[in-house]
Undergrad: 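Quick one: this structure, given as structure tokens, is what I'll be asking you about.
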Protein chains: 2
Amino acid sequence: MGDTNANAVSQWVERLSALHRSLMRKFATEEGLQFVHVEILQYLSICNRYSDTTQAISDYLGQTKGSISQSLGLLEEKGLIKRVQDKIDKRVFHLSLLSKGASVTKRLLESIHLDGSEKLEPQLKNLLTSIQKKNGLKGFGTCLSCRFNQSPGKNSFVCGLTKEKLSVDEVKKICKEHEAS
Amino acid sequence: MGDTNANAVSQWVERLSALHRSLMRKFATEEGLQFVHVEILQYLSICNRYSDTTQAISDYLGQTKGSISQSLGLLEEKGLIKRVQDKIDKRVFHLSLLSKGASVTKRLLESIHLDGSEKLEPQLKNLLTSIQKKNGLKGFGTCLSCRFNQSPGKNSFVCGLTKEKLSVDEVKKICKEHEAS
DNA sequence: CAAATCAGTTTTGATTCGATACTATTGGCC
DNA sequence: GGCCAATAGTATCGAATCAAAACTGATTTG
């Protein structure tokens with residue numbers, strides 16, 4: 001974990017990320033979409049119901065909500081996503097993938113086929129959280145690593161923030177309110 | 001290395017890459033640059049003298065050379081890079097960072113501080129090359145892992161493709177002609 | 001030496017981008 | 001209740017990106 005080594009890891013992450021961007025861009029072009037569209041669709045496929053809003057996407061992708069809002073308009077027009085107004089807070093609109101949008105993210109996953117040894121998984125997880133922590137970024141992890149998550153029984157989950165029950169699938173998704181446990 | 005696990009690794013790489021993009025975007029905005037500008041500058045800081053051209057950047061980043069050409073024009077105008085015509089092949093122009101551009105890449109490296117265990121390094125390397133291979137991408141590795149690289153003596157390197165001598169620093173940079181050894 | 005290839009630029013029109021200003025809703029606070 | 005700040009989201013603006021295609025020149029190939 002020395003400083004000399006941090007640099008070397010840096011280089012590999014830089015190149016891995018660059019390669020991933022390149023593949024995503026190629027995929028986007030083939031689908032007749034912009035890069036950011038694919039980013040948005042991919043995010044919507046992994047975020048939970050507290051995090052499917054314009055602002056959350058803006059936070060996750062690091063772009064202004066104005067830009068995101070425009071792109072969302074286009075994605076809705078193209079029939080890839082839909083937006084539904086929140087019943088309680090009428091300012092927020094929940095975004096979700098329509099079947100057409102979901103099939104794009106499915107093709108993306110197939111198109112960029114990643115392989116890695118099993119040992120890599122926990123290490124990548126650590127790397128990710130360490131980067132988030134180092135850069136002072138909050139949020140965007142799954143319930144399983146969140147301090148608000150409570151598990152009153154087997155396969156039963158409750159979010160300590162919202163006091164709501166969460167399904168087994170739901171707790172695997174990423175949340176903007178996430179705080180490391 | 002099973003299929004069930006490939007998916008899990010996928011998820012982590014996706015999120016790691018997304019986080020990295022987000023940090024790069026924030027950095028770009030702070031520097032008054034576009035995302036792609038930072039990508040180009042970063043690439044120029046790690047590529048060797050065979051790979052510092054418009055076409056190579058286009059291949060590495062996965063964008064059309066027309067787009068790259070436009071961005072390069074702006075970067076030159078801003079005094080971040082310079083271009084020098086090749087003495088032999090007058091079609092090609094070699095691009096390089098000016099001090100102003102180099103300082104941006106230095107700040108980028110400091111800004112996105114990545115930490116990881118030593119064990120991660122060889123695994124990331126394997127992951128990277130496996131993705132390149134799986135996606136049928138050629139090129140963009142360092143001489144040290146290239147089959148053209150020859151080492152007639154200690155700290156002495158020759159490229160089997162160009163028959164040119166390469167310095168110790170040079171062989172650490174990435175090359176568009178790279179082929180795995 | 002002509003044709004094909006290659007490196008790079010230019011042009012075009014749709015779209016992104018950040019910045020800013022704006023509407024509408026919500027929440028606090030007296 | 002009523003006022004004001006905060007929040008979610010959209011609209012507008014000008015500069016810049018983006019891919020696609022057409023276009024120079026230079027080089028290689030046949």
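Per chain, numbering begins at 1; letters A, B, ... match sequence-line order. Any value given below was found using the heavy atoms of this structure, including those in side chains, with hydrogens, waters and symmetry copies removed.
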Undergrad: Does Thr64(B) reach a base, just sugar-phosphate, or nothing at all? Heavy atoms under 4.0 Å.
TA: base
Undergrad: Is the shortest side-chain N to carboxylate O distance from Arg49(A) to Glu164(A) below 4.0 Å?
TA: yes
Undergrad: In terms of side-chain geometry, is the basic nitrogen of Arg21(A) or Glu39(B) positioned less than 4.0 Å from the acidic oxygen of its partner?
TA: yes
Undergrad: Taking the side chain of His37(B) as its heavy atoms from C-beta onward, which of dT12(C), dG18(C), dA16(D) lies nearest to it?
TA: dA16(D)
Undergrad: Using a strict cut-off of less than 4.0 Å between a Lys/Arg side-chain nitrogen and an Asp/Glu carboxylate oxygen, indicate whether Lys82(B) and Glu76(B) qualify as a salt bridge.
TA: no
Undergrad: Which nucleotide in the set dT25(C), dC18(D), dA7(C) lies at the smallest distance from any side-chain heavy atom of Val92(B)?
TA: dA7(C)
Undergrad: Give Leu95(A) one of three labels, base, sugar-phosphate or nothing, depending on what nucleic acid heavy atoms sit under 4.0 Å from its own.
TA: nothing
Undergrad: May I ask you to evaluate whether Thr53(B) reaches the phosphate of dG8(C), defined as a side-chain N or O under 4.0 Å from OP1 or OP2?
TA: yes
Undergrad: Would the base of dA19(D) count as contacting Thr29(A) through its side chain, where contact means a donor and an acceptor less than 3.5 Å apart?
TA: no
Undergrad: If only side-chain N and O atoms of Ser67(B) are considered, is one of them under 4.0 Å from the OP1 or OP2 phosphate oxygen of dC18(D)?
TA: no
Undergrad: Under 4.0 Å, counting only non-hydrogen atoms across every strand here, what does Lys90(B) touch: a base, just sugar-phosphate, or nothing?
TA: sugar-phosphate
Undergrad: Determine the contact category for Gln63(B): base if any of its heavy atoms lies under 4.0 Å from a base atom, sugar-phosphate if only primed atoms, P, OP1 or OP2 are that close, otherwise nothing.
TA: sugar-phosphate
Undergrad: Any side-chain N or O of Ser71(A) under 4.0 Å from OP1/OP2 of dT16(C)?
TA: yes
Undergrad: Using heavy-atom distances to pick each residue's nearest nucleotide on DNA chain D, tell me which of Phe93(A) and Gln34(A) is more 5'.
TA: Phe93(A)
